[in-house]
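Numbering of ligands and ligand atoms starts at 1, following listing order. Count residues from 1 along the sequence.
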Amino acid sequence: MDTITDIMQTMSYGPAPEDKSVVRDWLAKHEAGFGHFIDGAFTKPGETFDVMNPATEEVIAKVTQGTSADVDAAVKAARAAQKDWAALPGHERAKYLYALARHIQQHARFLAVLETIDNGKPIRESRDIDVPLVVRHFYHHAGWAEILADEFPGARPHGVCGQVIPWNFPLLMLAWKVAPALAAGNTVVLKPAEYTPLTALALAEIVREIGLPKGVFNIVTGDGETGAAITGHSGIDKVAFTGSTEVGRLIRRQTAGTGKGLTLELGGKSPFIVFADADLDAAVEGVVDSIWFNQGQVCCAGSRILVAEAVAKRFEQLLRRRMETLVIGDPLEKSTDVGAIVHPVQLERIRSLVEQGRAEGVTIHQGEAPAGCFYPPTLATEVEPASILSSEEIFGPVVTLTPFRTPEDGVALANNTRYGLAASIWSENVNLAIDVAAKVKAGVVWINCANLFDAGAGFGGYRESGFGREGGREGMGAYLAQPAPKAKRPEETPGTLSATPVAEMAASAIDRTAKLYVGGKQARPDSGYSYGVSGAKGAVGLAGLGNRKDVRNAVEAAHKAAGWGAQTGHNRAQVLYYLAENLSARAAEFEDRLKSFGQGGDAAKAEVATAIRRIFWYAAQADKFDGAVHQTKSAHVTLAMHEPLGVVGVACPTALPLLGFVSLVLPAIAMGNRVVAVPSQTHPLAATDLYQVLDTSDVPGGVVNIVTGERDVLARTLAEHDDVDAVWYFGTAAGGRMVEEASAGNLKQTWTEDGAARDWTSSEGQGRSFLARATQVKNIWVPYGE
Ligand code: NAI
């Protein structure tokens, strides 16, 4: 036994194990196994699998492997309940969500202990972080239900949501998905991860306790196959997934062309950037919260420390000293900092990645971990950017440390990843910290803090970390469907084009031979071919037959024009006003062009007039579609910045060749994106006539690039291109499916619609929803009012 003197010297805590008797009794009550929770009742257990406590490797429960029949039953129940649930006044739905929050609070200790036993995370975290955030999420969304009709006028729920979640924050991920879905009037079928299904089942009991109408909340347990049965189910209207990028890609392909709403919150390899003037002690604590929180099994974990060379040695020393004080072991012990890894399979994955790093020559610093499913906090130094430890998401308590010279180098290293979930920046210089926050490609940025979360701020990634946000207004929006226009008759495929060699153009009787427009210059198509454009009275001209190479050149040119996104909204607005004025001056020419396609004089006049008004409207919006400041945690605010997506591929509808083009290209460029546009395949000349207008309006070269040709061929190339950040496709249903499938490569955002569905001449063709599509929100947490 320690003497008082020993204790004073080590300052270590005595044992303080959490009482687990309530959970033990609850598990004993369910010894026969758990069924699913469908239509307000638990089903009889079916074929079960074992769930274990990773810290002791004991089997603690048997849980049913969901079959497709189980999923069918759950979807059916959710469908049957949805209409009435959505028809309740928001205030009534809010009451249920408040009740859930209160009852979760009443069961907080039980849920925290159960989470720790099921997952292996320290009780300190499940008690002080996971469960309080769950409660906060339900309260926050009860509020959204209350005010939904005022805040989102005209919006309606998707219907039935299929939600699949991971094992790292089992109850919290459930809350993130279920609370906004229910607030919006959706019903849910949720599958918890197979390693950690127990708190979801416990919550089902609480749902029953508060008397939530049956069928509104359904839980089906099982593995990835059960997950796929949910995400692929034809009765599901919206899929929300959190988990690995690999499975996210599968789901993107699986849901392509189904019209289901989709949000993906995937992996990360987030940078933790320490500048020379940072408070190093605070930054060391930041690392602890970043990578040793939840054993590093956190999608937004700061797993790559990038530290200014001048302080790198000192920082490493401080960090290694701090590592030695971390307490690893029994997750139920109140003083434990690092608990058990969720499952031996995950432990093996971590081990194997670290050993691969070691074999590459990386230096590994780590202490001891207890026997069993534990892994010690690990620091990897002398790591090349190409090392597996720098690029792979390890999902364990393993962090790399890499020095950098200048802030520019730091930013370049930070962005040297296919992910873009989060970043943490440490500097006492406010200019530097905020400047770097603007430059890192990440959906969440923490300045002088790390891993802070709040229901009032959106969370979600850029790039291959997925799309969509959870939390805040954006998260609420993801559970609401905008009334989508319905096509009276679907868009037709304009068909394959027959090529005319360019050499024959000159000989042709037609003198108009439009080229492509790339990087602010007219460019001959790589193929050397053009195609005939016909109008009301036969041929009216020739347009370039663009191919993959032309698209690639256009994407390159668009990337070079990145400065457009960094300009002020005011500057962009001025350029767009000028564009509208110049088009206005040439209105008659454009009317003639439209008439040559067979439009009546009035229709042509109206199309040009609306296009001009629309350009003015987006010019006016360029400096007004602002983000927000969220009051989240005390001593912090969260800046929700609207950022451009980057390079957007746009495939325009066939009809209204000028207005369709303007309606899509303008919101994109107003928000600072650069565009590679494929104009109406049948009438591209209304867009190619814009070259001179663009030139004379000071639109910088590369901001708008135009590639004419076969819409679906060019759209495919755009959708497959890894340097394109989003594709908007307005064509056929089959083309939309193709675009969504092809987008899975880099998980670019897509917006696909039937090209004939929208009435571009009305308010359907313009609005803030277009600007929302053209932006992604970066949530930057800054210290405020400490
Ligand atoms: P996972 O992505 O396979 O599992 C997440 C959830 O998806 C689970 O509920 C699982 O049953 C379900 N699922 C699996 N395959 C599915 C499919 N085809 N269709 C629908 N649902 C499916 O992640 P896993 O296997 O648990 O972990 C593997 C690696 O993924 C980890 O080592 C880690 O690197 C990463 N990961 C990342 C997470 C994040 O939040 N970013 C969360 C969990 C894992």
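- Close approach to Ala228 involves these atoms of ligand 1, each under 4.0 Å from a residue heavy atom: 19 (N), 20 (C), 21 (N).
- When ring centroids are compared, Trp167 and Phe395 come within the 6.0 Å threshold.
- Checked against the 6.0 Å centroid threshold, Trp292 and Tyr375 do not count as a close aromatic pair.
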Practice problem: Dump the intermediate steps for salt bridge (Lys or Arg N to Asp or Glu O under 4.0 Å) on Arg253 and Glu741, then the final yes or no. | Solution: CA-CA 5 Å; Arg253 293 199 179 103; Glu741 265 171 11; over 6 Å; no

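- Considering only non-hydrogen protein atoms, atom 42 (C) of ligand 1 sits nearest to Pro166 CB, 3.3 Å.
- Of the N or O atoms in Ser244, one or more lie within a sub-3.5 Å distance of an N or O in ligand 1.
- Considering both main-chain and side-chain atoms, Thr242 never comes within under 3.5 Å of ligand 1 through any nitrogen or oxygen pair.
- For Asp223, every heavy-atom contact with ligand 1 shorter than 4.0 Å involves the backbone, none the side chain.
- For atom 31 (C) of ligand 1, the closest non-hydrogen atom on the protein side is Gln346 OE1, 3.8 Å.
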Self-check item: Chi angles and distances behind the salt bridge (Lys or Arg N to Asp or Glu O under 4.0 Å) call for Arg418, Glu464
Solution: CA-CA 6 Å; Arg418 61 200 172 97; Glu464 291 183 36; 2.9 Å; yes

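- Note on ligand 1: Phe241 sits in its first shell, one or more heavy atoms being nearer than 4.0 Å.
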Practice problem: Give the intermediate values and the outcome of salt bridge (Lys or Arg N to Asp or Glu O under 4.0 Å) for residues Arg249 and Glu246. | Solution: CA-CA 5 Å; Arg249 244 189 272 285; Glu246 198 188 341; over 6 Å; no

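- Within the 3.5 Å criterion, the main-chain N or O of Ala386 finds no donor-acceptor partner in the side chain of Ser390.
- Within ligand 1, counting atoms from 1 as listed, the ones closer than 4.0 Å to a heavy atom of Ile165 are 6 (C), 8 (C), 9 (O).
- In this structure, Lys238 satisfies the cation-pi test against Tyr479, with its NZ or CZ atom closer than 6.0 Å to the six-membered ring centre and inside 45 degrees of the ring normal.
- A side-chain hydrogen bond (donor to acceptor under 3.5 Å, both in side chains) check over residues 343-353, counting only residues at least two apart or in different chains, returns the pairs Ser352-Gln356.
- Ring orientation note: the planes of His107 and Phe110 are nearly perpendicular, at an angle over 60° on the 30°/60° scale.
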Exercise. Please lay out, stage by stage, how Thr64 and Glu47 fare under the test side chain to side chain donor-acceptor pair (under 3.5 Å).
Key: CA-CA 6 Å; Thr64 298; Glu47 190 189 315; over 6 Å; no

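- Remark: atom 15 (N) of ligand 1 lies closer than 4.0 Å to at least one protein heavy atom.
- Near Glu194, meaning under 4.0 Å from any of its heavy atoms, are these atoms of ligand 1: 8 (C), 9 (O), 10 (C), 11 (O).
- Under the 4.0 angstrom criterion, atom 11 (O) of ligand 1 counts as having a protein heavy-atom contact.
- When side chains are defined from C-beta on, Asp337 does not count as touching Pro122, because their heavy atoms never get closer than 4.5 Å.
- Of the protein's non-hydrogen atoms, Leu250 CD1, 3.9 Å is the one closest to atom 18 (N) of ligand 1.
- Side-chain atoms of Thr752 never come within 3.5 Å of backbone atoms of Gly736 as a donor-acceptor pair (strictly under, hydrogens ignored).
- Atom numbering of ligand 1 starts at 1 in the shown order; those under 4.0 Å from a heavy atom of Val164 are 6 (C), 7 (O), 9 (O), 12 (C), 21 (N).
- Within a 4.0 Å radius of atom 6 (C) of ligand 1, the protein contributes at least one heavy atom.
- Taking every heavy atom of Trp167 and a limit of under 4.0 angstrom, the matching atoms of ligand 1 come to 24 (P), 26 (O), 27 (O).
- In terms of polar-atom proximity, defined here as any N/O pair under 3.5 Å, Arg349 does make such a contact with ligand 1.
- Counting only heavy atoms of the protein, atom 3 (O) of ligand 1 lies nearest to Val247 CG2, 3.5 Å.
- Using the six-membered ring where Trp is involved, Phe37 and Phe217 have ring planes that are tilted, between 30° and 60° apart.
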Hey, can you pull the donor-acceptor pairs under 3.5 Å for the side chains in residues 169-179, sequence neighbours left out?
unit_1	atom_1	unit_2	atom_2	d
Lys177	NZ	Thr242	OG1	2.6
Lys177	NZ	Glu470	OE1	3.3
Lys177	NZ	Glu470	OE2	2.7

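- Interface atoms of ligand 1 facing Gly267, defined by a heavy-atom separation under 4.0 Å, are 41 (N).
- Of the protein's non-hydrogen atoms, the one nearest atom 13 (N) of ligand 1 is Gly224 CA, 3.6 Å.
- The nearest protein atom to atom 34 (O) of ligand 1, hydrogens excluded, is given as Glu393 OE1, 3.3 Å; this is a heavy-atom distance.
- The contact set between ligand 1 and Cys299, taken as ligand atoms under 4.0 Å from a residue heavy atom, comprises 39 (C), 40 (O), 41 (N).
- When each atom of ligand 1 is checked for a heavy atom of Gly227 under 4.0 Å away, the hits are 19 (N), 20 (C), 21 (N).
- For ligand 1, the polar-atom distance check finds an N/O of Leu266 within less than 3.5 Å of one of the ligand's N/O atoms.
- Closest protein heavy atom to atom 38 (C) of ligand 1: Phe395 CZ, 3.3 Å.
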